[in-house]
Peer 1: 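One structure coming up, written as structure tokens, with questions to follow.
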Amino acid sequence: MKMLNSSNHTHPAIKLLIMMLVMGQSAFAQTGFKHIPVEYIVALGDPGANSGSGAQWWGLWNQDPGPRGCLLENYGKLKAAGGVAPAQWTFDNKDWWLEEHGSIMEKPTFPLPSGQYVVTGGREVTSVLTVYPMDKDGVQHWQLGQGVNLYDVTHLPCHAARYTPATNDNSCTPAMAPSSAFPVAPGVPMPSIKGCKKQDYAVLFVIGKAQN
């Protein structure tokens, strides 16, 4: 999830700033919203849906996890360090994450706190995402602005996949990841890894939050 666009070397943060000035003003004009440094939601759901349930399974990174990650080729060093990455997060061999360049990432924070978020995929659409408080059954519902679906606010170049053991042994390991599968192109699922269950997540940029 590196924030450098290798095709034209234009930093996406600059693109986001331009987009906010040109297209995102209507979202921020709503009373009670404030601009924040970019955060990252990992979401599950039908790309064509405008609303749904299951937001209790969504997570949040409050900073870009890509540059804080550990490349697969350095997994041996990470393991030798007791699983503590140079950025001081700890690797969990029962629940670990990869991004599209083959970098092992720290886990997001779960669940995503309820509230309202200004989200975008860094393309043409900016919308307000409402995440409702968890109900008595432990379910959280979510809702985007009218006419906006999850795909519209997904950042397509970013991939985030969660890997957990398929069995009770220790066979689910980054050492088994196929290095030839990286980088992963937009629209292509993250690779399956022997011994692991995989879950692909959509990545949404958060550029604003409702004031408390």
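Heavy atoms only: backbone and side chains are in, while hydrogens, waters and symmetry mates are out.
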Peer 1: Evaluate side-chain contact (heavy atoms from CB on, under 4.5 Å) for Val119 paired with Thr126, printing each intermediate quantity in order.
Peer 2: CA-CA 6 Å; Val119 295; Thr126 301; over 6 Å; no
Peer 1: Is Val153 linked to Val206 within one hydrophobic cluster, defined over Ile, Leu, Val, Met, Phe, Trp and Tyr using a side-chain heavy-atom separation of less than 4.5 Å?
Peer 2: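 Cluster IDs for Val153 and Val206 match.
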Peer 1: Would you find a donor on one side and an acceptor on the other, under 3.5 Å apart, between the side chain of Thr154 and the backbone of Leu156?
Peer 2: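 Such a contact is absent between Thr154 side chain and Leu156 backbone.
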Peer 1: When you measure from the side chain of Gln56 to the backbone of Gln140, do you find a donor-acceptor pair of N or O atoms at a distance under 3.5 Å?
Peer 2: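 Pair found, side chain donor or acceptor close to backbone of Gln140.
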Peer 1: Just how far is it from atom CD of Gln116 to atom CZ of Phe33, taken to the nearest 0.5 Å?
Peer 2: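 Atom-to-atom, Gln116:CD and Phe33:CZ are 4.0 Å apart.
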Peer 1: Are Leu44 and Val131 in one and the same hydrophobic cluster, where Ile, Leu, Val, Met, Phe, Trp and Tyr link if side-chain heavy atoms are under 4.5 Å apart?
Peer 2: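 Yes; tracing contacts between hydrophobic side chains, which count when under 4.5 Å, links both residues.
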Peer 1: Is there a side-chain contact between Lys94 and Pro165 (heavy atoms, below 4.5 Å)?
Peer 2: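 Yes, at least one pair of side-chain atoms sits under 4.5 Å.
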Peer 1: More than 12 heavy atoms of other residues, nucleotides or ligands under 6.0 Å from NZ of Lys79: is that the case?
Peer 2: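 No, because the 6.0 Å sphere around NZ of Lys79 holds 12 heavy atoms or fewer from other groups.
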Peer 1: I need the full list of side chain to side chain donor-acceptor pair (under 3.5 Å) pairs touching residues 141-150, with sequence neighbours left out, sorted by first then second residue.
Peer 2: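 Sorted result for residues 141-150: Asn50-Gln143.
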Peer 1: Quick one: closest heavy-atom pair of Ile36 and Glu39, and the distance?
Peer 2: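 Smallest interatomic distance, heavy atoms only, reads CD1-CD, 3.9 Å.
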Peer 1: Would you list the atom pairs, donor with acceptor, under 3.5 Å between side chains in residues 68-77 and any protein atom, with sequence neighbours excluded?
Peer 2:
unit_1 : atom_1 : unit_2 : atom_2 : d
Arg68  : NE     : Glu106 : OE2    : 2.5
Arg68  : NH2    : Glu106 : OE1    : 3.4
Arg68  : NH2    : Glu106 : OE2    : 3.4

Peer 1: Can you list every disulfide (SG to SG under 2.5 Å) pair that touches residues 180-212, not counting sequence neighbours?
Peer 2: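 Non-adjacent pairs meeting disulfide (SG to SG under 2.5 Å): Cys172-Cys196.
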Peer 1: Any side-chain heavy atom of His101 sitting closer than 4.5 Å to one from Pro183?
Peer 2: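 With C-beta onward as the side chain, the pair touches.
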Peer 1: Suppose we call two aromatic rings close when their centres sit under 6.0 Å apart. Are Tyr201 and Trp58 close by that rule?
Peer 2: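 Not close enough - the centres of the two rings lie 6.0 Å or further apart.
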Peer 1: Looking at Leu144, is its backbone amide N or carbonyl O close enough to the side chain of Ser127 to form a donor-acceptor pair, meaning the two atoms are under 3.5 Å apart?
Peer 2: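 Flag not set: sc Ser127 to bb Leu144 has no pair under 3.5 Å.
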Peer 1: Do Ile193 and Trp97 share a hydrophobic cluster (ILVMFWY, side-chain heavy atoms under 4.5 Å, transitive)?
Peer 2: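 No: no chain of side-chain contacts under 4.5 Å links Ile193 to Trp97.
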Peer 1: Please check: side-chain N/O of His35 versus main-chain N/O of Ile207, any donor-acceptor pairing under 3.5 Å?
Peer 2: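 Side chain of His35 to backbone of Ile207, a donor-acceptor pair under 3.5 Å: yes, one is there.
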Peer 1: Applying side-chain contact (heavy atoms from CB on, under 4.5 Å) to Tyr40 and Leu204, what does each step give before you reach the verdict?
Peer 2: CA-CA 6 Å; Tyr40 306 83; Leu204 285 58; over 6 Å; no
Peer 1: How close do Pro189 and Lys198 get, counting heavy atoms only, and between which atoms?
Peer 2: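 So the two residues come closest at CB-NZ, 3.9 Å.
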Peer 1: Test of understanding: clusters of I, L, V, M, F, W, Y form through side-chain heavy atoms closer than 4.5 Å, transitively. Do Tyr117 and Tyr151 belong to the same one?
Peer 2: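 Per the 4.5 Å side-chain linkage, Tyr117 and Tyr151 are not co-clustered.
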Peer 1: Let's go through Tyr132 and Thr130 carefully: what are the C-alpha distance in whole Å and the side-chain angles of both, what is the deciding distance for side-chain contact (heavy atoms from CB on, under 4.5 Å) to 0.1 Å, and is it a yes or a no?
Peer 2: CA-CA 6 Å; Tyr132 295 96; Thr130 301; 3.6 Å; yes
Peer 1: Please report the closest heavy-atom contact between Asn93 and Trp96, naming both atoms and the distance.
Peer 2: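 Minimum heavy-atom contact is O-CD1, 3.7 Å.
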Peer 1: Would you check if the side chain of His159 reaches a backbone N or O of Pro157 as a donor-acceptor pair within less than 3.5 Å?
Peer 2: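 At least one qualifying donor-acceptor pair exists.
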Peer 1: Working to the nearest 0.5 Å, report the span between CG of Asp64 and CE of Met105.
Peer 2: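 Those atoms lie 9.0 Å apart.
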Peer 1: Is it the case that one hydrophobic cluster holds both Trp57 and Tyr163, taking links as side-chain heavy atoms less than 4.5 Å apart, direct or via other members?
Peer 2: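 They do not share one cluster, since no chain of ILVMFWY contacts under 4.5 Å joins Trp57 to Tyr163.
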Peer 1: Met134 and Pro111: which non-hydrogen atoms are nearest, and at how many Å?
Peer 2: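 Minimum heavy-atom separation between Met134 and Pro111: CE-CG, 4.2 Å.
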Peer 1: Once rounded to the nearest 0.5 Å, what's the spacing between atom CZ of Phe182 and atom OG of Ser103?
Peer 2: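 OG of Ser103 is found 10.0 Å from CZ of Phe182.
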Peer 1: Taking Val125's backbone N and O only, do any of them form a donor-acceptor pair with Thr120's side chain (distance below 3.5 Å, no angle check)?
Peer 2: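 Looks like yes, one N/O pair under 3.5 Å.
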Peer 1: Can any side-chain N or O of Asp137 pair as donor or acceptor with the backbone N or O of Val139 at less than 3.5 Å?
Peer 2: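 Not confirmed, Asp137 side chain does not pair with Val139 backbone.
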Peer 1: To the nearest 0.5 Å, tell me how far Asn62 CG sits from Leu60 CG.
Peer 2: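 Between atom CG of Asn62 and atom CG of Leu60 there are 6.5 Å.
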Peer 1: OG of Ser51 to CG of Leu150: how many Å apart, nearest 0.5 Å?
Peer 2: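 Atom-to-atom, Ser51:OG and Leu150:CG are 11.0 Å apart.
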Peer 1: Can you name the closest pair of heavy atoms from Val184 and Pro191 and give their distance?
Peer 2: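 Scanning both residues completely, I find the closest heavy atoms to be CG2-CD, 4.0 Å.
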Peer 1: I want to check something: taking the side chain as every heavy atom from C-beta on, are Leu98 and Met190 in contact at a cut-off of under 4.5 Å?
Peer 2: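 In short, these two side chains touch, coming nearer than 4.5 Å.
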Peer 1: At their closest point, which heavy atom of Trp89 faces which heavy atom of Ile104, and how far apart are they?
Peer 2: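 That would be CZ2-O, 3.5 Å.
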